[in-house]
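Structure first, then comments.
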Amino acid sequence: MTPAEASAKSLEICRLAPVIPVLVLDDLAFAAPLARALVKGGLPVLEVTLRTPVALDVIRAMAEVEGGVVGAGTLLTPADVKAAKAAGATFGVSPGATDRLLDACEDHDLPLLAGAATCSEIMALLERGYTVQKFFPAEANGGAAALAAIGAPLPQVTFCPTGGITLAKAPDYLKLANVACCGGSWVAPKGLMQAGDWAGIERLAAEAAALPR
Ligand SMILES: O=C(O)C(=O)C[C@H](O)[C@H](O)COP(=O)(O)O
């Protein structure tokens with residue numbers, strides 16, 4: 001898969017909903033009910049971070065949930081890419097980008113939403129052909145104001161800002177011309193998962209899905 005093809009696919013995924021839930025699961029039993037609640041609430045795109053021992057099994061379980069588009073987050077190495085793809089991830093997300101990671105995603109046909117935080121990082125990805133990127137960590141890096149400023153010299157790059165974004169902050173990003181969607185973990189809080197409050201998570205998803213773009 002070429003970087004241009006990966007970017008086209010990433011854009012298609014980003015356009016499915018205003019928010020991509022960033023999911024950190026410690027318990028495999030939460031996978032199916034969580035995915036069902038998020039999809040039902042209107043957030044079909046699900047980013048499962050590879051930060052817990054059960055993450056690959058969570059991807060396998062969520063890939064079975066109808067209407068979900070499941071990807072793997074926190075991709076750091078070529079081995080992560082192979083494992084995520086084998087588990088059924090249809091896209092990848094990374095906090096940054098390295099040549100080895102980009103090579104692996106291109107070789108294994110996994111569209112990557114690669115992270116960038118500075119103009120030089122954005123330009124390096126753009127030089128390689130990635131016109132859709134993740135802006136991370138968004139809030140710590142200047143927030144929506146920074147992304148608006150980056151859009152002036154680099155309007156050809158479209159972003160999924162992630163990192164520190166909440167329901168209250170998301171509209172500031174979503175109104176920018178260079179933002180396709182936001183990523184965030186606020187729609188799947190640990191407390192609600194542990195309480196089995198799937199209706200509560202569905203409500204959070206519905207609120208996020210209703211954000212104007
Ligand atoms: O896992 C990755 O690939 C990442 O780059 C990190 C995540 O996007 C952030 O952890 C988002 O989490 P919140 O700030 O809680 O919304």
Side-chain angles (χ1 to χ4, degrees), residues 6 9-10 13-14 17-26 30-31 34 38 41 43 45-56 58-59 62 69-85 87 89-98 100-102 104-105 108 110-118 121-122 124-125 130 132-144 146-147 157-174 179-194 201 204-205 207-209 211:
K9 188 70 196 164
S10 292
I13 290 167
C14 286
V19 175
I20 297 181
V22 177
L23 309 173
V24 185
L25 271 79
D26 294 307
F30 295 164
L34 175 63
L38 292 168
L43 300 181
V45 185
L46 310 170
E47 176 191 336
V48 180
T49 60
L50 297 191
R51 294 190 217 167
T52 60
V54 294
L56 291 169
V58 168
I59 290 174
M62 287 191 169
V69 177
V70 185
T74 328
L75 290 181
L76 304 179
T77 66
D80 290 340
V81 174
K82 269 191 214 166
K85 178 95 190 185
T90 57
F91 69 94
V93 186
S94 59
T98 67
R100 273 159 51 87
L101 184 68
L102 295 170
C105 285
H108 290 90
L110 189 71
L112 179 70
L113 190 54
T118 66
E121 291 169 5
I122 293 163
L125 279 170
Y130 287 89
V132 181
Q133 304 175 14
K134 164 169 147 173
F135 180 56
F136 178 79
E139 278 295 303
N141 222 13
L147 207 42
V157 183
T158 300
F159 294 94
C160 168
T162 307
I165 302 180
T166 59
L167 181 73
K169 287 173 179 164
D172 290 343
Y173 290 95
L174 292 170
V179 168
C181 67
C182 289
S185 62
W186 83 86
V187 288
K190 220 173 198 163
L192 291 191
M193 286 196 266
Q194 278 163 351
I201 289 184
L204 291 179
E207 269 177 349
L211 285 167

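Residue numbers count from 1 along this sequence. Order of appearance sets the numbers: ligands from 1, and atoms from 1 within every ligand.
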Closest protein heavy atom (residue, atom, distance) for atom 14 (O) of ligand 1: Gly164 N, 2.7 Å
Using modelled atom types only, decide if a donor and an acceptor are shared between the side chain of Ser185 and the backbone of Leu23 within a distance under 3.5 Å. no
Considering all heavy atoms, the nearest Gly96-Leu101 contact: O-CD2, 4.3 Å
Looking at every heavy atom in both Ile59 and Ala87, which two are closest together, and how far apart are they? CG2-O, 3.7 Å
Give yes or no for whether the N/O distance cutoff of 3.5 Å, strictly under, is met between Phe136 and ligand 1. no
Checking heavy-atom distances from atom 13 (P) of ligand 1 to each of Ser185, Gly71, Gly92, the winner is Ser185
Counting from 1, what ligand 1 atoms have a heavy atom of Pro95 closer than 4.0 Å? 3 (O), 5 (O)
Any non-hydrogen atom of Gly115 lying under 4.0 Å from ligand 1? no
Grab the two heavy atoms, one from Gly143 and one from Phe135, that are nearest each other, plus how far apart they are. O-CE2, 4.0 Å
Separation of Gln133 CD from Ser10 OG (nearest 0.5 Å): 10.0 Å
Just by distance, do the side chain of Thr52 and the backbone of Leu25 share a donor-acceptor pair under 3.5 Å? yes
heavy-atom search around atom 11 (C) of ligand 1 in the protein gives Thr162 CG2, 3.6 Å
Just to confirm my output: which protein heavy-atom neighbour is closest to atom 4 (C) of ligand 1, and how far is it? Lys134 NZ, 2.9 Å
For a quick test of reading the model, state the closest non-hydrogen atom pair linking Val81 to His108 and the distance between them. CG1-CB, 4.2 Å
Is there a polar contact between ligand 1 and Thr74, counting only N or O atoms under 3.5 Å apart? yes
So if I count the atoms of ligand 1 from 1 in the order they appear, which ones are less than 4.0 Å from some heavy atom of Gly184? 16 (O)
Does an N or O anywhere in Trp186 fall below 3.5 Å from an N or O of ligand 1? no
Closer than 4.0 angstrom: is that true for some heavy atom of Arg51 and an atom of ligand 1? yes
Looking at Lys82, Lys85, Lys9, which one forms a side-chain contact (heavy atoms from CB on, under 4.5 Å) with Leu110? Lys85
Going by the atom numbers of ligand 1, which of them fall below 4.0 Å from some non-hydrogen atom of Thr49? 1 (O)
